[in-house]
Amino acid sequence: MESKPSSLFIFAEEPVRIVVCESPEQVAKAAAQESIEYLGLACSGSGQKVEPIVLGLATGSTPLGLYEQWIERYRAGEISFRNAVSFNLDEYCGVAPDDVRSYHYFMQENLFKHVDFLPQNTHIPKTDCSDLPASAEAYEIAINQAGGIDLQILGIGTEGHIGFNELGSSLSSATRVKTLTAKTRQDNARFFESLEHVPRMAITMGLGTIMNARAILLLATGLHKAQTIRDTVEGPVTAMVPASILQFHPNATILLDQAAASKLAHLDYYLDSERNQRSL
Ligand code: GLP
């Protein structure tokens, strides 16, 4: 990845780099711009780079703005995913891929059908099978066979989960079957008929899988994420806040809107540091 142009993921001075934007729209635009530059997604006169790009993708409401930006830039003929391979973080168990509540459906509707990913290059954990642990293991192997993830996009759950790595997840876990917490099921009940219909398990990339990504871009917006972001960035590294493991990543950036950044105790310092780094 060293040879790819980069403006976002250039310094490892901080445990995690904090970038604050004015609004969720600005977060989406900044995430799109920086990921396009970093991954070399732009179509150039001589065609795209031949080196395949491996993207880790996320579901949830937060990355939707980023996906809209990518779609817009693709339609404008500026970028292409022809050369990209994708691995999604997670999928519910007991929800068929063509079910509107599945993450397969979510990705199809919100990104894949609008851009030029080759269908065989997009991957989401398979949960419509009889051997879930074997499916999870095969997914981890597939990521490694693809050469590992160049850039992992993340959202964050209100209890600090990334993917479906719920509190208490092993900090070095691989892709596996995970039981969802009551809070996660409540948070996600809005996508189902009722709480009872929310699945109890999912296959998720592990925290170790995520930490193996060469660069990480976590997006969070809204006041309801502010405490979680504070715990993630300024609290101790603990399995009780799984996203706090990112403090150990050498190349992790957290893009926030002002509301999500509002509880950071050292916000002024992060803003100062960011200004200084940009002036180098
Ligand atoms: C789900 C997903 C996570 C996502 C989280 C937050 O639990 N498994 O990957 O980060 O939701 O979603 P939202 O962005 O809607 O707050």
Side-chain angles (χ1 to χ4, degrees), residues 54-63 85-112 117-149 152-213 216 239-243 245:
V54 185
L55 251 174
L57 297 175
T59 52
S61 332
T62 312
V85 175
S86 73
F87 286 90
N88 261 78
L89 283 166
D90 46 16
E91 178 59 286
Y92 291 116
C93 298
V95 178
D98 58 352
D99 187 309
V100 295
R101 299 155 310 176
S102 73
Y103 286 164
H104 279 78
Y105 189 89
F106 176 101
M107 290 308 299
Q108 201 53 37
E109 286 303 300
N110 293 302
L111 182 63
F112 296 152
F117 271 105
L118 298 175
Q120 67 271 25
N121 285 349
T122 64
H123 305 86
I124 301 179
K126 243 177 98 54
T127 57
D128 57 336
C129 54
S130 54
D131 192 342
L132 292 168
S135 172
E137 208 180 316
Y139 198 72
E140 185 80 19
I141 291 169
I143 294 171
N144 291 330
Q145 281 174 346
I149 291 169
Q152 177 66 56
I153 305 292
L154 294 176
I156 188 165
T158 48
E159 286 185 316
H161 72 227
I162 46 181
F164 271 131
N165 290 285
E166 301 287 38
L167 44 87
S169 287
S170 155
L171 296 176
S172 59
S173 45
T175 305
R176 67 211 184 291
V177 182
K178 195 73 193 140
T179 295
L180 306 184
T181 64
K183 180 74 169 81
T184 295
R185 293 185 63 246
Q186 249 165 37
D187 285 351
N188 292 352
R190 65 189 193 279
F191 301 111
F192 293 82
E193 295 89 308
S194 73
L195 185 57
E196 262 318 289
H197 288 86
V198 183
R200 290 174 186 279
M201 291 192 296
I203 289 184
T204 181
M205 279 186 202
L207 293 174
T209 323
I210 293 170
M211 288 294 285
N212 284 337
I216 291 178
M240 289 298 118
V241 183
I245 187 68

**Report entry** Intermediate values then yes/no, side-chain contact (heavy atoms from CB on, under 4.5 Å), Phe87 and Thr175
**Finding:** CA-CA 12 Å; Phe87 286 90; Thr175 305; over 6 Å; no

Considering all heavy atoms, the nearest [X]-[Y] contact:
| X | Y | answer |
| --- | --- | --- |
| Ala96 | Ser102 | O-CB, 3.3 Å |
| Leu195 | Arg185 | O-NH2, 3.0 Å |
| Pro199 | Val95 | CG-CG2, 3.5 Å |
| Asn88 | Pro125 | O-CD, 3.7 Å |
| Gly56 | Ile149 | N-CG2, 3.6 Å |
| Gly155 | Ala58 | N-CB, 4.2 Å |

Working to the nearest 0.5 Å, report the span between [atom1] of [X] and [atom2] of [Y].
| X | Y | atom1 | atom2 | result |
| --- | --- | --- | --- | --- |
| Leu57 | Gln152 | CG | CD | 7.5 Å |
| Asn212 | Met205 | CG | CE | 10.5 Å |
| Thr179 | Phe164 | OG1 | CZ | 12.0 Å |
| Met240 | Ser169 | CE | OG | 8.5 Å |
| Ile162 | Leu154 | CD1 | CG | 5.5 Å |

Using atom types as modelled and distance alone, determine if a side-chain donor or acceptor of [X] lies under 3.5 Å from a backbone N or O of [Y].
| X | Y | result |
| --- | --- | --- |
| Arg101 | Phe192 | no |
| Asn121 | Ser86 | no |
| Ser173 | Gly206 | no |
| Tyr103 | Leu89 | no |

Query raised in the report: Heavy-atom distance under 4.5 Å between the side chains of Ile124 and Phe112, does that happen here?
Result: yes

Report task. Take atom CD of Glu109 as the centre, draw a 6.0 Å sphere, and report whether it contains more than 12 heavy atoms from other residues, nucleotides or ligands. Result -> yes

Query raised in the report: Does a sphere of radius 6.0 Å around CD in Gln120 hold more than 12 heavy atoms from other residues, nucleotides or ligands, not counting ones at 6.0 Å or beyond?
Result: yes

Query - Candidate list Thr209, Leu171, Ile245, Leu207, test side-chain contact (heavy atoms from CB on, under 4.5 Å), partner Asn165, passing option - result: Leu207

Mind checking side-chain hydrogen bond (donor to acceptor under 3.5 Å, both in side chains) for [X] and listing every partner two or more places apart, or none if nothing turns up?
| X | value |
| --- | --- |
| Thr59 | none |
| Asn188 | Tyr92 |
| His161 | Glu166, Thr184 |

Requested in this report: Quick one: do Lys126 and Glu91 satisfy side-chain contact (heavy atoms from CB on, under 4.5 Å)? Show the steps, please.
Outcome: CA-CA 7 Å; Lys126 243 177 98 54; Glu91 178 59 286; over 6 Å; no

Report task. State, without any angle test, whether Arg176 and Ser170 hold a side-chain donor-acceptor pair at a distance under 3.5 Å. Result -> no

Query - Verdict with reasoning, Asp99 to Tyr105, per side-chain contact (heavy atoms from CB on, under 4.5 Å) - result: CA-CA 7 Å; Asp99 187 309; Tyr105 189 89; over 6 Å; no

Report task. Apply the test side-chain contact (heavy atoms from CB on, under 4.5 Å) to residues Leu111 and Phe117: give CA-CA distance (whole Å), side-chain angles for both, the deciding distance (0.1 Å), then the verdict. Result -> CA-CA 9 Å; Leu111 182 63; Phe117 271 105; 3.9 Å; yes

